[in-house]
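See structure below.
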Amino acid sequence: MKCLKCDSSDDKVIDSRSSKDGHGIKRRRECLDCGHRYSTYEEVMNNEIKVVKKDGTRDDFKREKLRDGINKACWKRPISLDDIDKITNKLIKSIEDDFDGEISTSEIGNRVMRALKELDEVAYVRFASVYRQFKDIEEFIEEIKTLGLK
Ligand SMILES: [Zn+2]
């Protein structure tokens, strides 16, 4: 942080407090060169990840969509909703850790397949055989829906 008065970048934080909603921190700082006091506000960034589809278009990365795909693959399998939530959370965390900004639908698909493979063979095969043939995860979800209704 540079002091507005003297342009020095030496400052010390003299007070920090959370914002009312808890998503930000307000810091009171003092310039070590000229003594000028000022405040800064830091906000938690919402790292929105975009999904790049095979046709090059982008869509928001949605937890629900991912969960839905996994849920459909696990249809009638001995897998609890709790397990599905756990895999979903794990996948999202790994995606957020490894990707900053964009991820392709095929990369998401590969990760889901890997996760399902460890969990349940039938769910894995179901996901893999269906997912690979479709342009994106939405088409896949639609297909799984029709399978589920038989
Ligand atoms: Zn200063």
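What's counted below: heavy atoms across the whole structure, side chains too, no hydrogens, waters or symmetry copies. Bear in mind the structure is a predicted one, so any value in this text is a computation, not a measurement.
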Review point. Can you check side chain to side chain contact (heavy atoms under 4.5 Å, CB included) on V112 and F127, steps first, answer last?
Key: CA-CA 8 Å; V112 174; F127 188 92; 3.4 Å; yes

Review point. Taking only residues two or more places apart in sequence, or in another chain, which ones meet D60 in a side chain to side chain donor-acceptor pair (under 3.5 Å)?
Key: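 Counting only residues at least two positions away or on another chain, D60 forms a side chain to side chain donor-acceptor pair (under 3.5 Å) with K50.
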
Exercise for review: Applying side chain to side chain donor-acceptor pair (under 3.5 Å), name anything that partners E102, two or more places apart in sequence or on another chain.
Suggested key: R58

Exercise for review: Please step through side chain to side chain contact (heavy atoms under 4.5 Å, CB included) for the pair N89 and K93, ending with a clear verdict.
Suggested key: CA-CA 6 Å; N89 291 339; K93 200 183 171 303; over 6 Å; no

Between [atom1] on residue [X] and [atom2] on residue [Y], distance to nearest 0.5 Å:
| X | Y | atom1 | atom2 | result |
| --- | --- | --- | --- | --- |
| I95 | R63 | CD1 | CZ | 11.5 Å |
| I84 | D68 | CD1 | CG | 10.0 Å |
| I87 | L119 | CD1 | CG | 4.0 Å |
| Y124 | E118 | OH | CD | 11.5 Å |
| S94 | I103 | OG | CD1 | 7.5 Å |
| K53 | S106 | NZ | OG | 13.5 Å |

Just so I know, are the side chains of [X] and [Y] near enough to count as touching, which here means a heavy-atom distance under 4.5 Å?
| X | Y | answer |
| --- | --- | --- |
| K54 | T57 | no |
| C3 | L32 | no |
| V122 | C74 | no |

Test: [X] and [Y] ion pair at under 4.0 Å:
| X | Y | result |
| --- | --- | --- |
| R29 | E42 | yes |
| D15 | K26 | no |
| D11 | R27 | no |
| R111 | E107 | yes |

Single-linkage hydrophobic cluster, 4.5 Å side-chain cutoff, [X] and [Y] together:
| X | Y | result |
| --- | --- | --- |
| I25 | Y38 | no |
| I108 | M113 | yes |
| L91 | L81 | yes |

**Study point:** S16 to V13 - nearest heavy-atom pair and separation
**Key:**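 Closest heavy-atom pair between S16 and V13: OG-CG1, 3.4 Å.
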
Exercise for review: List the atom of R126, the atom of W75, and the distance in Å for their closest heavy-atom pair.
Suggested key: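 Residues R126 and W75, closest heavy atoms: NH1-O, 2.7 Å.
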
Check your understanding: Ignoring hydrogens and geometry, is there a side-chain-to-backbone donor-acceptor pair from N71 to R67 under 3.5 Å?
Key -> no

